[in-house]
Every structure is written in structure tokens, then in C-alpha cells.
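Please read the structure below before turning to the comments.
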There are 2 protein chains.
Amino acid sequence: MTHGAVAVPGRPTLEEVARLAGVSRATVSRVINASPKVSPEVQTAVEAAIAELNYVPNRAARSLVARATMSIALVVPEDAHRFFGDPYFADIVQGISDRLDASDYVLNLQLAHPSSPTEKTRRYLLGGNVDGALVVSHHSGDHFLASIGEALPVVFGGRPMHARGASGRPTDYYVDVDNRLGAVQGTRYLIDSGRRAIGTITGPQDMPAALDRAAGWRDALHEAGLSDERVAHGDFTEESGARAATELLDRHPDLDAIFVASDAMASGALSTLADRGHNVPRDVAVVGYDNSRYATRGPIPLTTVAQPTKEMGIVMADTLLRLLAGEKPKRVSLLPTELIRRASA
Amino acid sequence: MTHGAVAVPGRPTLEEVARLAGVSRATVSRVINASPKVSPEVQTAVEAAIAELNYVPNRAARSLVARATMSIALVVPEDAHRFFGDPYFADIVQGISDRLDASDYVLNLQLAHPSSPTEKTRRYLLGGNVDGALVVSHHSGDHFLASIGEALPVVFGGRPMHARGASGRPTDYYVDVDNRLGAVQGTRYLIDSGRRAIGTITGPQDMPAALDRAAGWRDALHEAGLSDERVAHGDFTEESGARAATELLDRHPDLDAIFVASDAMASGALSTLADRGHNVPRDVAVVGYDNSRYATRGPIPLTTVAQPTKEMGIVMADTLLRLLAGEKPKRVSLLPTELIRRASA
DNA sequence: ATGAAAGCGCTAACAG
DNA sequence: CTGTTAGCGCTTTCAT
């Protein structure tokens with residue numbers, strides 16, 4: 001345990017402010033904490049002193065008495081590369097950061113490499129180093145997270161995770177986008193454009209997000225009395241999208257539209273379509289999902305379902321903040337998606 | 001200022017441990033801080049008590065007296081997307097995180113969106129909330145960072161930044177990779193393989209890293225008595241690489257190897273080479289730089305110069321830790337690069 | 001509306 | 001080697 005206390009020159013203390021303003025420390029504390037019971041004169045005097053001294057409260061001292069650390073952990077049980085490489089996470093973190101900027105809390109990044117023992121992270125979280133935790137991951141929040149939820153306010157972000165606690169009650173707090181509704185939106189748009197033979201390329205069948213999107217596609221179709229037989233499965237990658245499109249085209253030559261569960265797959269599908277001489281969107285319309293780089297990078301800009309990812313981060317942080325403030329926020333927040341119209345449909 | 005102190009059930013205090021172990025608080029403190037002057041018996045007794053109570057020291061209290069926050073800021077004056085999207089940063093952060101895991105310090109992520117006012121971040125850093133700061137960015141660390149360096153131990157990471165302080169002395173601490181040496185390695189490899197007409201595709205001429213790599217290429221050539229006339233400039237993008245390769249081929253039909261300053265550009269060059277019917281590596285050998293996704297993604301795996309990026313993060317953190325411990329670490333650490341042999345050369 | 005006093009949990013002299 | 005005594009900088013009753 002190294003205690004590298006680098007002597008900070010002269011950070012002013014509350015006491016000095018009090019002296020300069022000619023009041024007691026308690027009074028200074030009151031104006032700092034915006035107590036209503038301070039006379040205007042004293043108030044301004046103290047504020048002047050604070051400004052002059054460039055005073056900033058000592059967080060540690062405050063934490064000590066407030067019994068709160070005023071910091072929350074951002075737990076990332078994900079390989080650093082996956083985490084950083086994914087624009088989805090970038091947006092979430094941006095949102096979290098933005099929301100927290102407007103609060104007194106700071107973010108403690110907790111890279112919980114999935115490989116190495118989680119024990120340290122557990123100890124950290126449970127050790128009272130943070131007042132709450134935000135967990136973002138594509139993975140399901142296994143046992144590890146289930147347990148911390150009992151000792152610490154936690155809100156999960158990202159695709160749906162573990163179902164419900166062993167206790168049977170809806171577990172923890174989380175925010176997610178409404179994948180199903182997003183898929184409905186995308187598919188409806190296709191229907192409204194007059195398409196009738198609408199297929200889908202799904203994501204892996206063991207991922208909730210993929211399942212939900214397929215379900216949404218089906219919902220919209222049923223709602224319009226259309227057939228939901230044109231289905232091919234992919235795994236969210238570009239190549240799988242190309243393959244699935246081939247399959248779809250072979251089996252359903254009448255196909256006039258495809259709702260694809262990810263932009264990457266849609267991009268692959270576009271290649272296949274081009275190879276086979278189908279004009280997009282004239283012959284076959286394509287709607288993607290994610291509004292990722294793929295949506296704008298290719299030759300044909302993708303009409304796609306966008307997720308309010310940054311907003312998710314904001315809501316996550318906000319939910320945790322409310323929890324910490326003793327309020328009772330919603331346990332699950334499902335954010336709406338938005339259809340971005342571009343050239344492919 | 002919301003003080004959402006959620007009543008933590010019963011986190012044991014040092015005092016309780018002392019009572020259980022039948023010693024004074026000071027003694028408990030001593031074993032916690034591994035003081036050498038504690039009798040074995042007492043030591044084990046205290047440890048037992050700690051274990052039984054599942055005691056974890058209160059960071060705030062400790063910070064208060066130690067006059068250190070035991071946390072360091074990771075400042076990212078970069079757009080969140082660029083930051084997260086870049087595998088380079090992912091590795092650095094992983095390294096930082098790893099090194100910090102082995103210390104008592106925690107990481108405070110400070111997303112300093114370049115757009116919005118830096119004032120808040122400045123205040124945060126200068127407000128004694130952290131004991132030191134790590135700054136990672138591709139940008140030069142302008143005025144903002146110059147100023148914080150005077151009030152707080154700071155170590156910069158990433159490509160070289162601002163030259164030296166107004167004071168004239170070498171400014172701050174930083175760690176970088178030795179771009180020049182890396183280029184020498186890559187070029188030497190080409191020379192050792194028997195290539196003689198070795199060209200280069202450089203990065204933008206206003207970036208230190210690009211300049212250094214070009215210089216290294218030149219160094220190696222001179223060292224071998226070879227001509228350094230085969231040069232074309234790119235801007236680190238794939239397209240620019242393709243263009244530059246065309247230029248090179250047109251002007252120097254005898255070209256038998258290219259040292260390319262980035263994998264992305266090398267990838268572009270590969271396309272050009274293929275289009276023109278040159279076999280790689282038989283006719284023209286190609287060495288890239290970065291060991292990025294481009295190096296393995298294309299049809300011909302790239303031989304490339306890899307940077308020990310994660311190591312950089314480790315060294316950054318380590319340097320700051322030493323600084324905080326009152327030691328005198330090196331002001332600049334240049335990490336060596338490594339040549340990764342694949343198919344292109 | 002304000003001040004005095006007590007104490008958050010811990011470490012650090014200073015005695016013994 | 002170990003206990004006692006003071007605080008670190010702040011908030012917070014409790015008086016006034």
C-alpha cells in the first residue's frame with residue numbers, strides 16, 4: 001500500500017473561507033449546500049470569499065460524514081476490445097458521462113476483464129468504494145451481477161440480461177431499447193411502401209435482441225395479414241447477411257423486401273442483391289437495424305432502425321441517480337427506436 | 001447538491017475490528033498498512049478479525065488523513081466515438097487498467113468532449129479530486145493540458161504532443177512508441193530479404209508519427225547504402241494508400257518493396273498492386289504499420305510493425321504511480337516496436 | 001439566522 | 001511492539 005501523498009500546495013479549506021468571510025464554518029457549509037436559512041448578506045459574503053480563495057470542497061471529507069462516496073462504478077464485464085470497438089458502447093458511455101456531469105458523482109471505470117477472476121471487482125464494488133454501479137455488456141449478467149445487486153444499487157444497460165432473480169421477483173433495474181417495437185416500425189414502413197413479400201434476416205437465435213426483432217417483424221406482418229414465411233438466419237455479421245440473402249432469394253424468388261436485423265447483415269445482403277442483379281430499392285427494398293457505420297458506408301445508404309443509444313446511457317445514469325437519491329425509479333425502461341429513412345427502402 | 005446517502009447496513013469499521021481482536025485501533029491500522037512492527041500473534045489475530053467481519057477500510061477516511069484521493073483521472077479530450085472506436089485506445093486503457101488494478105488507485109474516466117467547455121474538467125482536475133491524471137489523445141495537448149501539468153502530476157500517452165512548455169524545459173511526462181525505430185525495423189526486414197528498390201508511402205506530413213516513420217525508413221536505407229527516392233504521401237487512409245501506390249509504381253517501375261506507414265494504407269496499396277498484376281510478395285513486398293485489423297482482414301495478411309500499445313498504458317500508469325510515490329521516473333518513455341511477419345513480405 | 005461542539009473512520013506522532 | 005492522543009475537512013444537531 002503506497003501512500004503517495006504529494007503535498008498539495010495550499011488548497012483552501014472551509015475554515016479559511018469562514019475566516020475570510022468572518023463567519024463560522026457551519027455557515028459556510030450551509031451556503032455551500034444551499035441551505036435555505038442563510039441571510040442574503042452573509043450568503044454573498046461567503047460566496048465572495050469562496051470565489052476569492054478559489055475554494056473547492058474536499059470530497060473525501062464530505063464523503064466521510066455523508067457516508068457516501070459520491071462516485072459510481074461503470075462496470076464493463078467485457079473484453080476491452082469489444083467494448084471499445086463497439087460504437088454502441090461509445091454512445092452509452094457518452095450518455096452516462098453527460099448525465100453524470102450534471103451531478104456530483106464521478107465515474108469509476110471498472111474494466112472487469114471476463115477472463116481474470118471477478119473477485120477483485122466484486123470486492124471493490126462491495127467494499128463501499130462506490131455508491132452504485134452501472135453495468136453495460138452484451139453478455140448476460142450472470143451470477144456475479146446478481147449478487148452485487150443485493151448489496152448495491154445497480155442498473156444494467158444493454159440488451160436484456162438475466163431473466164429474474166432466484167427470488168422470483170423482477171431482478172434489478174435495467175434500461176434497454178424496445179427491439180420488438182423497432183422491428184415493427186421498420187417492417188411497417190416496408191408494408192406502407194407497398195411491399196408484400198417481406199422477408200427477414202435474423203440474428204443468432206440465442207440472443208434476446210435478435211429474437212425480439214424477429215418477433216417485431218412477425219407482429220407487423222400479422223397485423224397486415226401478410227405471410228411470415230420468408231425467414232433466414234444470420235449471426236449479425238456481414239458475411240452471414242450475404243449468405244442469408246442468397247438463401248432467401250433462392251427460396252422465395254418473389255421477395256420484394258427484407259427487414260434485416262443488423263446493418264452489417266444488411267450490408268452483406270446488399271452485395272448479394274447487387275450480384276444477382278436486383279436493384280435496391282426498386283426490386284427489393286432493404287431495411288437495416290442499428291444505424292451503424294454500415295448504414296452510411298456502403299454504396300446504397302441504408303434505411304435503418306436507429307436506437308437512442310446515448311439516451312440509454314442518460315437514462316441509466318438517471319435511474320441510478322434517482323435510486324441513490326432514495327426515489328423509486330422504474331425498474332425497466334424501454335426506449336423507443338426511430339426509423340431513419342435513406343435510400344435502400 | 002443531492003446527498004443521496006443510502007443507508008449502508010453495517011459496514012464494519014476499524015474500531016470494531018480492534019474490539020474483536022482485542023487490540024487498539026492503531027494496531028489494526030498497522031496491520032492493514034503492513035507496518036513491520038507488529039507481533040506475529042497480534043497480526044494473525046487482527047487478520048482473523050478482519051476476515052470474520054469482512055472488513056474493508058473506508059477509502060474516504062483514509063483519503064482525508066492521507067491527503068490523497070487514491071484515484072487518478074483518465075482524461076480523454078477526444079470525441080467519444082473516436083476514442084471508443086480506436087483499438088489503439090482500447091489497448092492503452094486496458095494497460096492502464098491492468099496496472100492500476102495492482103495498485104490502490106482507481107480510475108476516474110473524464111470524457112472531456114472537445115466541443116463543450118473544458119472548464120468543468122479543469123475545475124475537476126484542479127479541484128483536488130484526483131491525485132494525478134493520465135491524458136490520452138491523438139490531438140496535441142494544447143494550452144488546457146499545459147496548465148494542468150503545473151498543478152497536478154500528469155502523464156501523457158499517445159503520439160507525441162506539445163513540444164515543450166513556455167518555460168523552455170521539456171514539458172511533462174509522456175510515453176510513446178518509437179516510431180522511427182519501428183520503421184527502421186520494418187525497412188531493414190525488407191532489405192534483409194534482398195529487396196533493393198524500396199519505396200515508402202508516408203502518412204500526413206504534419207503528424208509527428210508519420211514524419212518519424214518516414215525518417216526511420218530513410219535511416220535504414222542509408223545504412224544499407226540504398227536510395228531513398230521512392231516516396232509517395234498518403235494520409236493514413238486506405239484510399240490514399242491505393243493512390244500513393246499507383247504513383248509509386250508509375251514513377252518507379254523497378255519498385256520491389258514498399259514500407260507503408262499504416263496498415264490501412266498498406267491495404268489500399270495491396271489493391272493497387274493486385275489490380276496491376278503484381279504478385280505480393282513475389283514482385284513487390286509490402287510491410288505495413290500498426291498491426292491493426294487491416295493487417296489480417298485482407299486477402300494477403302500483412303507483415304507489419306506492431307506497437308506495444310497495451311504496454312504503453314501500463315507504462316503510463318506506472319509512471320504516474322511513481323510520480324505519486326515521490327519517485328523520479330523518466331520524463332519520456334519510448335517503447336520499442338515489434339515486427340510481425342505475415343505473408344506480404 | 002448563526003455559532004459551538006461533536007464526530008464520520010482512519011492514520012500518525014508520541015509515549016510507554 | 002502497542003496504546004493514547006490528536007486531528008484530516010466537513011456536516012450537523014443543539015443551543016442561542
Side-chain angles (χ1 to χ4, degrees), chain A residues 1-8 10-46 49-50 53-70 104 127-129 131, chain B residues 1-8 10-46 49-50 53-70 104 127-129 131:
Chain A
M1 307 252 161
T2 322
H3 281 294
V6 166
V8 179
R11 235 156 71 67
T13 75
L14 182 149
E15 166 136 42
E16 302 181 46
V17 175
R19 214 148 42 206
L20 180 60
V23 297
S24 75
R25 297 183 308 172
T27 300
V28 176
S29 179
R30 288 190 183 98
V31 345
I32 289 172
N33 295 290
S35 163
K37 15 187 89 219
V38 189
S39 74
E41 308 87 66
V42 176
Q43 161 114 353
T44 45
V46 172
I50 288 180
L53 261 31
N54 216 299
Y55 168 77
V56 180
N58 179 310
R59 172 174 297 258
R62 198 194 283 227
S63 292
L64 188 54
V65 33
R67 272 118 173 297
T69 65
M70 300 315 281
D104 278 353
N129 294 296
D131 297 336
Chain B
M1 304 245 164
T2 322
H3 280 294
V6 167
V8 180
R11 230 150 79 65
T13 75
L14 182 148
E15 167 136 41
E16 302 181 48
V17 175
R19 214 148 43 206
L20 180 61
V23 297
S24 76
R25 297 182 309 172
T27 300
V28 176
S29 179
R30 286 189 187 99
V31 346
I32 288 172
N33 295 290
S35 162
K37 17 189 89 224
V38 188
S39 75
E41 307 88 65
V42 175
Q43 161 113 352
T44 45
V46 172
I50 288 179
L53 261 31
N54 218 300
Y55 168 77
V56 180
N58 178 310
R59 172 173 296 261
R62 199 194 285 227
S63 292
L64 188 54
V65 34
R67 274 117 174 298
T69 64
M70 299 316 281
D104 278 353
N129 293 296
D131 297 337

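Convention: sequence-line order gives letters A, B, ...; per-chain numbering from 1.
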**Study point:** B/Asn33 and B/Arg62: CA distance, side-chain angles, deciding distance, side chain to side chain contact (heavy atoms under 4.5 Å, CB included) verdict
**Key:** CA-CA 11 Å; B/Asn33 295 290; B/Arg62 199 194 285 227; 3.5 Å; yes
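Of the side-chain N and O atoms in A/Ser39, one or more sit less than 4.0 angstrom from OP1 or OP2 of C/dT2. Considering only side-chain N and O atoms, B/Asn58 lies nowhere under 4.0 angstrom from the phosphate OP1 or OP2 of C/dC8. Dashed line: the shortest gap from a side-chain N or O of B/Thr27 to OP1 or OP2 of D/dG3 is under 4.0 Å.
Looking only at side-chain heavy atoms (C-beta outward), A/Asn58 and A/Thr13 stay at 4.5 Å or farther from each other.
If you check every strand for non-hydrogen atoms under 4.0 Å, B/Val28 touches nothing.
Judged by distance alone, with hydrogens and angles left aside, the side-chain atoms of B/Asp131 form a donor-acceptor pair with the main-chain N or O of B/Thr69 at under 3.5 Å. B/Ser63 places a side-chain N or O within donor-acceptor distance of the main-chain N or O of B/Arg59, the cut-off being under 3.5 Å.
Counting all heavy atoms, side chain and backbone alike, B/Ala60 lies closest to A/Leu64 at CB-N, 3.9 Å. Across all non-hydrogen atoms, the minimal contact from B/Lys37 to B/Arg30 is O-CD, 4.3 Å.
A stem is defined here as three or more consecutive Watson-Crick or G-U pairs, each with both distances under 3.5 Å; for DNA chain D these stems are C:1-11 with D:6-16, C:13-16 with D:1-4.
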Pairs: protein N or O with nucleotides 13-16 of chain D N or O, under 3.5 Å:
none

Could you run down the sub-3.5 Å N/O contacts of the protein with nucleotides 6-8 of chain D?
unit_1	atom_1	unit_2	atom_2	d
D/dA6	N6	B/Arg25	NH2	3.2
D/dC8	O3'	B/Arg67	NH2	3.4
D/dC8	O2	B/Val65	N	3.4

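Nucleotide C/dG3 holds its C1' atom 13 Å from the CG atom of A/Leu14, rounded to whole Å. Per the geometry, NZ belonging to B/Lys37 stands 15 Å off P belonging to D/dG3, to the nearest Å. C/dA1 atom P lies 11 Å from atom CD of A/Glu41, rounded to whole Å. Residue A/Asn33 contributes atom CG, which lies 7 Å from atom P of D/dT12 at whole-angstrom precision. Here the C1' atom of nucleotide C/dC10 and the CD1 atom of B/Ile32 are 9 Å apart, to the nearest Å. The distance between atom CD of A/Glu15 and atom C1' of C/dA4, rounded to the nearest whole Å, is 13 Å. Taking atom CZ on A/Arg62 and atom C1' on C/dG9, their separation rounds to 18 Å, with Å as the unit. Here C/dT11 presents its C1' atom at 13 Å from CE of B/Met70, a figure rounded to the nearest Å.
For the atom pair B/Ser24 OG and B/Arg19 CZ, the distance stands at 13.0 Å (nearest 0.5 Å). The CD atom of B/Glu15 sits 12.5 Å away from the CG atom of B/Leu20 when rounded to the nearest 0.5 Å.
With sequence neighbours excluded, the residues satisfying side-chain contact (heavy atoms from CB on, under 4.5 Å) with B/Val42 are B/Val23, B/Thr27, B/Val38, B/Ser39, B/Val46. In this structure, the side-chain contact (heavy atoms from CB on, under 4.5 Å) partners of A/Leu14, at least two apart in sequence or on a different chain, are A/Arg25, A/Val28, A/Ser29, A/Ile32, A/Tyr55. Every residue two or more places apart in sequence or in another chain was checked for a side-chain contact (heavy atoms from CB on, under 4.5 Å) with B/Ala45, and none qualifies.
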